[in-house]
Amino acid sequence: MIAAINRWVLLAALAGGQAAMGPLEAHAQSLDRIQESPGYVLTDALMPYAQRDYARALALLTPLAEQGSAVAQLKLGIIFSRGKTGSLDHVAALRWFTKAAEQGQVEAQFELGRIYRDGLGTRVDGNAAVSWLERAAEKDTPHALNALGELYLGHQNVPQDFAVARSWFLRGAQEGNSAAMYNLGVLYALGQGVAQDEIEAFKWFALAAAGIGEDRDRALRARSRLAERLTPVEVSWAASSVEDWSRAHLPVSVLASARKP
């Protein structure tokens, strides 16, 4: 009787041990599946890209892009369009950007618009440029909004329409794009599509001057030229307008920059 009881205890202990092993084995198998999953593989491929090891990134991203990964396609387009592995390849960039853009990748849509606007790896096509930039602009992509407005100034066979250009620039400005702000300043300074208004132009140049790089430099120069033409009272009105618009649309950090003389 005791022997029988001991036998059942041993069997129960063995059964318990097997049950305890089950979750560990399942966990290991789960990890294997995660490592083999597309997301995990893509993360591995993006690491050398982030580390600027573009040769390795190219090797890892290419098979994923061929399998249909829109992110991998976008990154390949950037590698080829910027010559990250040594030389530019606009044709390859066009191919990968197109595949990514057709899957809804906003940055790829912007890049395609730029490619057709400038004729990089293909012929210049204003209609195609507008089409792809509009897709990116519909998602309030700041640089796409500005680029679309610039096309309507009368570039690449796109009919000149200052009113349409202004509407895109205004949307870009509302998204914080300093180039769009500068372009609005130019429209008001020259009276293109709007009544000429140097105070309004000063406002937009002042807002654009809160940006960085080339946009900031040219906005500062334009603002300075206008300040010489305006009276102190008019400059004060313009400054108040900058404050009002900034409070309504811009982050505090940008507002502080726009206040600087």
Side-chain angles (χ1 to χ4, degrees), residues 106-107 110-111 113-114 117-118 126 129-130 132-134 136-261:
V106 177
E107 194 64 25
F110 166 75
E111 291 290 345
R114 188 178 66 86
R117 179 196 67 192
D118 299 337
V130 167
W132 285 111
L133 287 174
E134 281 183 344
E138 285 169 0
K139 302 177 182 70
D140 291 327
T141 309
H143 43 292
L145 291 164
N146 178 67
L148 193 51
E150 289 180 341
L151 280 178
Y152 280 101
L153 295 177
H155 298 297
Q156 311 301 19
N157 299 320
V158 176
Q160 188 178 78
D161 191 328
F162 291 123
V164 172
R166 178 188 173 279
S167 68
W168 288 116
F169 290 146
L170 184 57
R171 285 182 58 181
Q174 290 168 341
E175 294 297 322
N177 185 269
S178 58
M181 294 172 185
Y182 174 83
N183 284 323
L184 280 171
V186 172
L187 292 183
Y188 278 101
L190 301 178
Q192 294 177 323
V194 293
Q196 187 175 24
D197 187 336
E198 290 187 334
I199 295 175
E200 186 71 5
F202 185 98
K203 179 189 86 173
W204 289 113
F205 290 142
L207 289 164
I212 59 174
E214 182 182 347
D215 292 334
R216 178 179 183 274
D217 294 340
R218 63 180 181 172
L220 283 170
R221 290 193 297 269
R223 186 180 66 174
S224 296
R225 286 194 297 268
L226 270 184
E228 295 172 358
R229 295 162 56 91
L230 299 175
T231 67
V233 171
E234 289 172 327
V235 170
S236 178
W237 290 343
S240 295
S241 186
V242 169
E243 290 275 349
D244 293 342
W245 197 89
S246 298
R247 277 195 297 267
H249 298 91
L250 298 180
V252 173
S253 59
V254 178
L255 173 58
S257 299
R259 284 173 176 159
K260 295 177 182 177

Student: Got a second to check how far Phe205's CZ is from Glu198's CD, nearest 0.5 Å?
Tutor: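 It is 9.5 Å, given to the nearest 0.5 Å.
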Student: Take Arg223 and Trp204 through the side-chain contact (heavy atoms from CB on, under 4.5 Å) test and state the conclusion after the steps.
Tutor: CA-CA 9 Å; Arg223 186 180 66 174; Trp204 289 113; over 6 Å; no
Student: With side chains defined as the heavy atoms from C-beta onward, is the minimum distance between Trp168 and Asn146 less than 4.5 Å?
Tutor: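 They are not in side-chain contact.
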Student: Contact between Phe169 and Asn177 at the side-chain level, heavy atoms closer than 4.5 Å - yes or no?
Tutor: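 Answer no - side chains too far apart.
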Student: If only atom types and distance count, is the side chain of Gln156 paired as donor or acceptor with the main-chain N or O of Arg117 below 3.5 Å?
Tutor: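 Indeed, once roles are kept as given, a pair shorter than 3.5 Å links the two residues.
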Student: Distance-only, no hydrogens or angles: does the Arg218 side chain make a donor-acceptor pair with backbone N or O of Tyr182 under 3.5 Å?
Tutor: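 No; judged by distance alone, with no hydrogens or angles, the pair does not exist.
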Student: Could you check if a side-chain atom of Arg247 sits within less than 4.5 angstrom of a side-chain atom of Glu243, using non-hydrogen atoms only?
Tutor: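 They are in side-chain contact.
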Student: If you measure from CZ on Phe110 to CG on Leu145, what distance do you get to the nearest 0.5 Å?
Tutor: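 Going from the CZ atom of Phe110 to the CG atom of Leu145 covers 10.5 Å.
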Student: Taking all non-hydrogen atoms of both residues, which atom of Gly149 and which atom of Ala165 are closest, and how far apart?
Tutor: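 Of all heavy-atom pairs spanning Gly149 and Ala165, the closest is O-CB, 3.3 Å.
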Student: Between atom OG of Ser167 and atom CZ of Phe162, what is the distance when rounded to the nearest 0.5 Å?
Tutor: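 Ser167 OG to Phe162 CZ: 13.5 Å, rounded to 0.5 Å.
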Student: What is the distance from atom CD of Glu111 to atom CG of Leu133, rounded to the nearest 0.5 Å?
Tutor: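 These two atoms lie 10.0 Å from each other.
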Student: Where is the tightest heavy-atom contact between Ser241 and Glu200, given as atom of each residue plus distance?
Tutor: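 Minimum heavy-atom separation between Ser241 and Glu200: OG-OE1, 4.4 Å.
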Student: Calculate, to the nearest 0.5 Å, the distance between atoms CG and CG belonging to Leu190 and Asp197 respectively.
Tutor: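 With rounding to 0.5 Å, CG (Leu190) is 12.5 Å from CG (Asp197).
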Student: For Asp161, is the CG atom crowded, meaning more than 12 foreign heavy atoms sit under 6.0 Å from it?
Tutor: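 It does: Asp161 CG has more than 12 such atoms within range.
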Student: Indicate the atoms forming the closest heavy-atom contact of Ala173 with Ala180, along with that distance.
Tutor: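 Nearest pair, atom of Ala173 first, then Ala180: N-CB, 3.7 Å.
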Student: In plain terms, say whether Glu175 and Arg171 are close enough for a salt bridge, that is, a side-chain N and a carboxylate O under 4.0 Å apart.
Tutor: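 Not counted as a salt bridge, because no side-chain N and carboxylate O are separated by less than 4.0 Å.
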Student: Do Lys203 and Trp237 come within less than 4.5 Å of each other through their side chains, counting heavy atoms only?
Tutor: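 Answer no - side chains too far apart.
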Student: Ignoring hydrogens, what is the shortest heavy-atom contact between Gly113 and Ala129? Give both atom names and the distance.
Tutor: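 Closest approach of Gly113 to Ala129: O-CB, 3.4 Å.
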Student: Examine distances only and state if a side-chain atom of Ser236 and a backbone atom of Pro232 form a donor-acceptor pair shorter than 3.5 Å.
Tutor: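 Looks like no, no N/O pair under 3.5 Å.
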Student: Take a 6.0 Å sphere around CD of Glu214 and say whether it holds more than 12 heavy atoms from other residues, nucleotides or ligands.
Tutor: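 No.
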Student: To the nearest 0.5 Å, tell me how far Leu170 CG sits from Asn183 CG.
Tutor: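 The distance works out to 12.5 Å.
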Student: Checking Gln160 side chain against Leu153 main chain: does a donor-acceptor pair fall under 3.5 Å?
Tutor: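 Yes.
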Student: Taking all atoms of both residues into account, what is the closest heavy-atom pair of Ala201 and Ala189, and its distance?
Tutor: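 For Ala201 and Ala189, the tightest heavy-atom pair comes out as CB-N, 3.6 Å.
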